[in-house]
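Note sheet for the following structure.
Quick note on labels: first sequence line is chain A, next is B, and so on, each numbered from 1. Source: prediction; values computed, not measured.
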Amino acid sequence: MLDIRLFRESPDTIKANLKKRGWTEEEIGIVDTVVESDLNWRKSRQEVDALKHKRNVVTEEISELKKAGKDISDKIKAMGTLNEEIKKLDESTKSFLEKRDELLLRIPNLMHESVPMGKDESENVPLRYWGEQSEYEFELKSHQDIIEGLNQGDFELSGKTSGAGFYFLYEDLVMLDLALSRFAIDNLRSSGFKLIEPPFMLRKKAMQGVVDLADFENMLYKIENEDLYLIATSEHSMCAMLMDKVLREKDLPIRLCGVSPCFRKEVGAHGIDTKGIFRTHQFNKVEQFVFSTPDHSWDEHELLIKNAETLFQKLEIPYRIVNICTGDLGGTAAKKYDLDAWMPRQKEFREVVSCSNCTDYQARKLNIRYDKPDGQREYVHTINSTAIANSRAIVAILENYQQDDGTVMVPKVLRPYMDGLEVIGKR
RNA sequence: GCGGGGAUAGCCCAGCCCGGUAAGGCGCUGGAUUGCUAAUCCAGUGUUCGCGAGAACUCAGGGGUUCAAAUCCCCUUCCCCGCGCCA
């Protein structure tokens, strides 16, 4: 969430940001409502503080009188009515604050100036391209057909057991999945990232600090009768793991490499991706996550996207980097790059990596701060990026590395992780 | 799941029995002193409100008793030890 001080000092900054994000004038009115409830709270707070001060003074007097052995019944009587007033006023003060904070949670992050203006994903801006798109002399197959044709997985069985959006993978594709994880892990660890296997479920309090409110409805699976949600990425666990902590500046940046399955409801997802493994309710992913000082978070953001690019370059899969525009940027991020891999069969670039700087938006919700040498205490910045989203990387490999006989070459860098296997054939 | 012990500031820890408004240490910051460093000494070091003087809050979270709660009572969460169950 945003700093309440910004609403007091510069509400127009927030309004301009909302406008860029495509909010209507009416929706932008929420900013004034926040300012108003903040004023109400502060006013009410001052009144109740004055009464509490009075109470503390009387308490002190009673203590003195009692020591002196004098009568205190008058004082105690006055205290009764005072306490009633305080209780009443305390409740309304609390409700003003709750209203303010509830509204505050609905207001998205301030965007970086380099985020391009645009109404939706069609106006995202490609920044650079890498790799050469191969020429194919034969008719390319979809990744689903390749998987089923080679008997390396099954979607009908998973449909029966679990519904659409799940998959069974067999043999070489399982090994490929594991190889991708290990490939990404080894690269990140050698760059100094700390390897983490996190909890796959989080309490609401922790989850709320990391995600948008809407995500609870559209993305997250809840465990029945428990205060637990399945993570949709290890970003969630890694970000929440330091909630309520005060870090030291010398320990920053903290660079983490998370490995976990990801669970997503994908409400609203429909159409071409219903079959196959491109968009699923469950997949494995290696994630980069950084806690940084505000001064360095933009450097870290660039570092993470570079790391992701390095992985795809080593996999020899053509891609482009896209700067996500104002109208398509999620509420938590201040700026986001996508890495879109070239899919020769679909003849288009598809998102396989997403890299966001959330600045202090998550840190403020989770209360993650750091001590500066001058004694000041500030919120950290959080930056996250996919390293490899395995199922999507597999799709990219199947599309790019397929051969005319229906088999698929294994990218060279993955072969050491697959007992030297060079070609995925029929099982 | 059962029994016992815990949760206090960035970290460690006292106070709880016996209610009177968070002590001390470490670390960090500033200052003094000193060829330099170290050591030593002094001061500061939770959150919020207030232009300010100042004030309120803060002892895992919530409720209660009381003029007054870190302290007494109840509920919840988490951690540790033992038992049980278990990949």
Side-chain angles (χ1 to χ4, degrees), chain A residues 1-10 34-102 104 197-209 222-223 225-229 237 240-254 260-261 291-293 360 363-380:
Chain A
M1 64 182 160
L2 296 178
D3 191 343
I4 187 64
R5 281 174 295 191
L6 194 61
F7 287 80
R8 294 171 192 162
E9 289 159 16
S10 179
V34 169
V35 171
E36 191 188 323
S37 49
D38 181 50
L39 272 173
N40 285 337
W41 171 66
R42 284 194 286 171
K43 193 166 157 244
S44 182
R45 168 76 196 270
Q46 281 166 40
E47 286 172 30
V48 78
D49 275 4
L51 291 182
K52 284 179 176 174
H53 177 55
K54 205 165 158 188
R55 176 172 68 184
N56 288 344
V57 170
V58 176
T59 299
E60 184 81 10
E61 286 171 1
I62 289 174
S63 176
E64 293 300 318
L65 288 172
K66 214 171 174 183
K67 270 185 213 158
K70 290 182 181 160
D71 180 52
I72 53 172
S73 52
D74 276 5
K75 296 279 182 194
I76 289 175
K77 211 167 158 189
M79 206 63 142
T81 50
L82 188 58
N83 271 331
E84 261 174 57
E85 275 182 76
I86 288 175
K87 197 168 177 180
K88 231 161 76 185
L89 202 52
D90 237 352
E91 270 168 36
S92 58
T93 306
K94 205 171 143 192
S95 72
F96 283 131
L97 186 65
E98 275 167 5
K99 185 180 176 193
R100 185 195 85 178
D101 289 344
E102 190 224 316
L104 216 46
E197 182 174 298
F200 302 160
M201 301 177 205
L202 295 177
R203 295 209 179 95
K204 184 165 193 179
K205 184 169 184 281
M207 195 59 101
Q208 224 164 16
K222 187 180 191 316
I223 305 296
N225 300 324
E226 305 270 354
D227 177 29
L228 287 172
Y229 294 81
S237 306
M241 74 190 283
L242 295 183
M243 63 195 287
D244 294 322
K245 289 282 183 197
V246 180
L247 311 172
R248 294 155 189 260
E249 187 176 46
K250 68 174 165 68
D251 295 330
L252 298 173
I254 297 173
S260 82
F291 297 97
S292 156
T293 60
D360 60 2
R364 186 168 290 107
K365 280 201 278 185
L366 287 167
N367 192 30
I368 306 173
R369 295 166 295 170
Y370 74 103
D371 273 330
K372 299 202 288 182
D374 64 5
Q376 294 281 60
R377 201 162 267 188
E378 243 185 283
Y379 290 103
V380 299

Between the base of B/U77 and the side chain of A/Arg203, is there any donor-acceptor pair under 3.5 Å? no
From CH2 of A/Trp41 across to P of B/A56 the rounded distance in Å is 16 Å
Rounded to the Å, how far apart are A/Asn367 CG and B/G46 P? 15 Å
Closest listed nucleotide, where the reference is the side chain of A/Gln46 and the choices are B/G50, B/C67, B/U47: B/G50
Enter the distance from A/Lys87:NZ to A/Ser92:OG here, rounded to the nearest 0.5 Å. 13.5 Å
Interatomic spacing from CE in A/Met79 to NZ in A/Lys54 - rounded to 0.5 Å: 10.5 Å
P atom, B/C73 versus B/C83: distance in rounded Å? 29 Å
Do A/Leu97 and A/Arg45 have side chains that get closer than 4.5 Å, going by heavy atoms? no
Would you mind classifying the nucleic acid contact of A/Lys204 as base, sugar-phosphate or nothing, using non-hydrogen atoms under 4.0 angstrom? nothing
Under 4.0 angstrom, heavy atoms only, what part of the nucleic acid is A/Asp227 near: base, sugar-phosphate, or nothing? nothing
Using Watson-Crick or G-U wobble geometry with both distances under 3.5 Å, which nucleotide pairs with B/G30? B/C42
For B/A7, the nucleotide meeting Watson-Crick or G-U wobble distances (both under 3.5 Å) is B/U77
Whole angstrom is fine here: how far is it from CG in A/Asp38 over to C1' in B/C49? 10 Å
Output yes when at least one side-chain N/O atom of A/His53 is less than 4.0 Å from OP1 or OP2 of B/A55, else no. no
Sugar-phosphate, base or nothing in reach of A/Val246, heavy atoms under 4.0 Å: sugar-phosphate
Any A/Arg369 side-chain N or O less than 4.0 Å from OP1/OP2 of B/G10: no
Do A/Lys43 and A/Leu39 come close enough that some side-chain heavy atom pair is under 4.5 Å? no
Base, sugar-phosphate alone, or nothing: which one does A/Arg5 contact when heavy atoms must sit under 4.0 Å apart? nothing
Considering every strand shown, what is the Watson-Crick or G-U wobble mate of B/C59 when both distances are under 3.5 Å? none
If you only use heavy atoms from C-beta on, which nucleotide in B/G10, B/G64, B/G50 is closest to the side chain of A/Lys87? B/G64
Report the distance from atom CZ of A/Arg377 to atom P of B/U29, rounded to the nearest whole Å. 14 Å
Between B/C57 and A/Asn56, is there an OP1 or OP2 to side-chain N/O distance shorter than 4.0 Å? yes
Would you classify A/Arg45 as touching base, sugar-phosphate or nothing, given that sugar-phosphate means primed atoms plus P, OP1 and OP2, and contacts are heavy atoms under 4.0 Å? base
Provide the distance between the two P atoms, one in B/A9 and one in B/A32, to the nearest whole Å. 33 Å
So which atom in A/Leu252 and which in A/Val380 form the shortest heavy-atom distance, rounded to 0.1 Å? CD1-CG1, 4.1 Å
If pairing requires Watson-Crick or G-U wobble contacts with both distances under 3.5 Å, which nucleotide is the partner of B/G54? B/C49
Please give, in whole Å, the distance from B/C67 C1' to A/Ile86 CD1? 12 Å
Measure from the side chain of A/Lys94, starting at C-beta and using heavy atoms only, and say which of B/G63, B/G50, B/C67 lies closest. B/G63
Which whole-number value in Å describes the distance from A/Lys52 NZ to B/U48 P? 16 Å
Nearest-angstrom distance from the residue atom CG of A/Leu202 to P of B/C78: 14 Å
Take the protein atom CG of A/Leu39 and the nucleotide atom P of B/G50, then report the distance between them rounded to whole Å. 9 Å
Student check: side-chain heavy atoms of A/Ile368 and A/Tyr379 closer than 4.5 Å: no
